[in-house]
Amino acid sequence: MFAIQPTTLYPKPPVTHLCGCVAPSIHSGKDVWTRHNNIHINGRRRHQFNDASGVTTTSGYWDRNVDMDELLSSLAGTSNEAELHAVMSLYSGRQLSQRFMTSLLSREPDWRRSLAILDWMHAVASYRPSVFAYNVVLRNVLRARQWVLAAGLVDEMRSSSPPVAPDRFTYSTLISHLGKSGRLDEALSWLQKMEKDGVSGDLVLYSTLIDLSRKLRDYSKAISLFSRLRRSGIRPDLVAYNSMIHVFGKARLFSEARSLIQEMLDSGGDVRPDAVSYSTLLGMYAEDGRYVDALSLFNDMMSSTSGGDDQPPPHLDLTAFNIMIDVYGHLGMAREADRLFWSIQRRTGARPGVVAYNTMLRVYGEAGLYGEAIHLFRLMERTDGVQRNVVTYNTMISIYGKTLEHEKATAVLREMQRHGVRPDAVSYSTIISIWGKAGKIDRVAKLFQKLRTSGDPAAADPVLYRTMISTYERVGLVGHAKRLLRELVEEGRLLDDDAAAAAASDDNSGVPKETAVAILAEAGRVEEATALFRRAVNMGEVKDVSVFRTMISLHSRHGRHANAVEVFEKMREAGYFPDTNTIGVALNAYGKIRAFDRAESVYREMQDEGCMFPDRIHFQMLGLLGAKRDFEGVEALLERLEGDPSIDRKELGMVAAGVYERANRLDDASRILRQMCQGGNTMTPSAESTWARSQSSSSSSS
DNA sequence: TTAGGGTTAG
C-alpha cells in the first residue's frame, strides 16, 4: 500500500520550472571527491578518487564529478517534492553510482528529501536500494514522527521481490522510535514480525526495549525483559547493565542495582562499571532520598582510585560530582558541597558546567548562604564563562523568594528576558508563588491572564495551574480557585467547537484537553475530569498515555471500577499499550465488576501481542479464575506458569494455595502445598518477585 | 555510513 511510486507520489515538473534557482554546480575533482591518480580500465583512461572517508572510487560512472555538498545544498533549497525530483532529474543523465547515492542519502537529514532520493534511486537509476539506504530513510521518517509512512517503508522492504530483508538496525530503529513516543504496542508487534522474519533479537534491541519500558515507567516489564535476555543466553554489556541499574533504582530495588555493579566487577574484566554506571546509581539513591547510601557509594568510588599517575580515575567524572553536590546539599552539608564544587577541575579534569553551577547555587540558597549564591551567580557568566540557562535564573528567582525579596525576584525574571532566556512554566509558577506570599494577588492574576491570552505554551502547564489554585486558596479566594477549574472545563469545550478556527488562526490560547483533564483529576474533580476526558477521547485528542493512566487510577481510587474498565478499554482501542501497573489495576477492576471473561481475554490478547508480564500479573489472573470458580482454568494456567523458568515456583505455589483456600477448597490447597514441599524448592526469590512484593505492599488495589 | 545508558530549577 505504501510502495514508493515516485512517478505518482512526486510528479516531476519540467526542468524549466526551476530555471535559475536550483541549478546544481558541476565540479571536477573538487572538495569531497579529490583526484587521486589516473589508471587504465579496458584501455580507457579513468581517474581514481578518494572520498572524504578515504575510500577509493573509480570514476567513469560519472561523466563529470558532482560535488555532493553542492547537490545537498541544492536539495536543501527545495520546498516541495516536485522541486526535489526536478533537482534530482537534472542529474539523471549522469549515472551517479549507487554508492554515491547511498552516501548522499546518509547525509540528508530531511525525511522528504531522503525519501525522494530513495525513490529516485529506485525509479530513475534503477538501483536497488540497500538495507542501509532504507534504514537511513527510515530513521529520518521516524524522527519526523511519520509513523504510517515508516511502517509502510518496512512493509515495502519485506514485500518487494526479492525482499530487501530488514535487519536488526531496521527493527531497532523502528522499535525504539515507536517506543519513545509511547507506541509500545506497535513496537512489540514489530518485535513479533522481526522474530517471524528470523531476525534474532540481539542485545541492543533488548536494551532498547528495556529502556523504553523504563521511559514509560513500566519497571516491572523492563525487569521481565532483562530476565528474558539472560534466559536467552545473551550476556549484557555495559549499556544494558547501566540501563538496568536505572530500572532497578526506579523500582526501588537498590540491592539489585548495586549487585549489578558488583557483577560487572566480578565478571573478569571485559565489562567494567564506568562513570555512567556509578552516576546512575548515585542519581537513583539521591532521587529516593537515600543520601547516606549515595555518600557511601561515592566514598567507594573515591577510594578505588585505580592506581598510579595523577590521572583521575575514569569513573569519577563531572556528572558524579554534580550529583554529589546535590546530595551534600540535601544532607545539609553545604561546606562539603562547596569543597567538592571547587575541587571538580582538580579531581575530574573537567571544568564545572552549568549544571554544577546551578546545583551549587541551589545548595547555597537552601543553606541560607545568600551572599555566596549571589556571588556565584555573577561569577559564572562574567568570570568563568558559563552561560546561564533557564534553570539558573529559576533557581535565582527562588532564592530571592526565600529571602522574601519579591522585587529582586521580579528583577531576575526581567533580566532573563533581557538576556534572551525565555521564562518557562517553572519560572512563572515560582514567581506566582512568591507574589502570592507577598500578597500581590492582582499581579498574580494579571500575569496569569496575560499568559493565557498570549498563547504562551507555559500557560498549559498542570503545575502552574496547581500553583494558581493553591495561591488563591491560601489567601482565601476559594471562589477564584473554583472559577479557574470551571474555566478549564469550558475552555476544553471551546476548543471542541473552534478547533478548526483556532488551528487556522494559529491562536491556540487555552489549555489542551489532556492537560485540563490531568489538572481536574489532580484536583479530585472526578465528574468534570470524566466528562472532559470522554470528549477528548471522542475527538481523538488524547495523545499522551499518562492521561489514560491518570484516569484509570482516579476511578480505581474512587471505587468506580466500571469507569476504570471503560477507560482501560478505550485506551486499548486507541492503540495505546498500558503499563503493567495499569494492567494490574484493570484486572482488579474487572474482578470487582465480575467481568472475568473480559479480564481473561485482555490477559490472553496482551500476551499474544508480545507483552511480557511480571509474576504478579499472572498471580492476579490466577486469583480471578479462582474467584470465578473456574478451577479447570486455574489448573491449566498453573501448569503453564510452572513451565516458565522466570517464575518463582515457591511463590507460585503459595499464590495457588491461597486461591484454593479463598474458594474454600482446602484439599486442593494442601495438595498444592504438598507438591511444593516435594519439589524441595530452594530457589531464592527472584528480583521480579521481590518487586512484586514491594508493589503489592504499597498498592491499594485488590 | 544506520539502533541502546547518567546530573540541576516549581
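Just so we're on the same page: letters track the sequence lines, and every chain starts at 1. What you are looking at is a predicted structure, and each value in this text was computed from that prediction instead of being measured.
Straight-line distance from the CZ atom of A:F132 to the P atom of B:dA3: 9 Å, rounded to whole Å. For the pair A:Y364 OH and B:dA9 P, the computed distance is 17 Å after rounding to whole Å. A:K402 has its NZ atom 10 Å from the P atom of B:dA9, to the nearest Å. When rounded to the nearest whole Å, the span between CZ of A:R139 and P of B:dA3 equals 6 Å. In this structure, A:L318 places its CG atom 13 Å from P of B:dT8, rounding to the nearest Å. Taking atom NZ of residue A:K250 and atom C1' of nucleotide B:dG6, one finds them 12 Å apart after rounding to whole Å. One interatomic measurement links the two molecules: CG of A:L178 to P of B:dA3, which rounds to 16 Å at whole-angstrom precision. One interatomic measurement links the two molecules: OH of A:Y357 to C1' of B:dA9, which rounds to 18 Å at whole-angstrom precision.
On a pure distance criterion of 3.5 Å, no polar donor-acceptor pair joins the side chain of A:T208 and the base of B:dG4.
Ring-plane geometry between A:Y285 and A:F254 is classed as parallel, the angle between the planes falling under 30 degrees on a 0 to 90 degree scale with a further cut at 60.
None of A:S343, A:P352, A:S279 except one satisfies the side chain to side chain contact (heavy atoms under 4.5 Å, CB included) rule with A:F321; the exception is A:S343.
Both cation-pi conditions hold for A:R388 and A:F377: the charged atom is under 6.0 angstrom from the six-membered ring centre and inside a 45 degree cone around its axis.
Here the NE2-CZ distance, from A:H330 to A:R290, works out to 15.5 Å after rounding to the nearest 0.5 Å. One finds the CG atom of A:N358 at 5.0 Å from the CG atom of A:N389 (value rounded to the nearest 0.5 Å).
Backbone-only contact: A:T173 has heavy atoms under 4.0 Å from sugar-phosphate atoms and none from a base. Note on A:T280: only backbone sugar-phosphate atoms sit closer than 4.0 angstrom, heavy atoms only; bases stay farther off. Here A:L209 lies out of heavy-atom contact (under 4.0 Å) with every strand. At the heavy-atom level, A:D167 lies nowhere under 4.0 Å from the strands shown. At a threshold of 4.0 angstrom between heavy atoms, the contacts of A:R388 with the nucleic acid are absent. Across all strands, A:A286 comes closer than 4.0 Å to no nucleic acid atom at all (heavy-atom distances). Nucleic acid contact for A:R466: none, since no nucleic acid atom lies under 4.0 Å from a heavy atom of the residue. The residue A:D237 sits close to a base: some heavy atom pair falls under 4.0 Å.
The side chain of A:N322 approaches B:dT7 more closely than any other nucleotide in the set B:dA9, B:dA3, B:dT7. When each of B:dT8, B:dA3, B:dG10 is scored by its nearest atom to the side-chain atoms of A:V463, the top-ranked nucleotide is B:dG10. In this structure, of B:dA3, B:dG4, B:dT8, it is B:dG4 that holds the atom nearest to the side chain of A:V239. Side-chain atoms of A:S106 lie closest to B:dT1 of the nucleotides B:dG4, B:dG10, B:dT1. In this structure, the nucleotide among B:dT8, B:dT2, B:dG6 sitting nearest to the side chain of A:H246 is B:dG6. Of all nucleotides listed (B:dG6, B:dG10, B:dA3), B:dA3 comes nearest to the side chain of A:F169.
Taking side-chain N and O atoms only, A:K180 has a distance below 4.0 Å to OP1 or OP2 of B:dG4. OP1 or OP2 of B:dG6 has at least one side-chain nitrogen or oxygen of A:R214 nearer than 4.0 Å. For B:dA3, neither phosphate oxygen OP1 nor OP2 lies less than 4.0 angstrom from any side-chain nitrogen or oxygen of A:R168.
Within the 4.5 Å cutoff, the side chain of A:R351 has no heavy atoms near those of the A:I344 side chain.
Within residues 425-441 of chain A, the residues that have a heavy atom under 4.0 Å from DNA chain B are, in order of number, A:A425, A:V426, A:S429, A:T430.
Applying the ring pair (Phe, Tyr, Trp, His ring centres under 6.0 Å) criterion to A:Y357, with sequence neighbours excluded, gives A:F341. Evaluation of the side-chain hydrogen bond (donor to acceptor under 3.5 Å, both in side chains) rule for A:K215 yields A:D211 as partners, not counting sequence neighbours.
Looking at A:D270 and A:R235, a side-chain N of the basic residue comes within less than 4.0 Å of a carboxylate O on the acidic one, giving a salt bridge.
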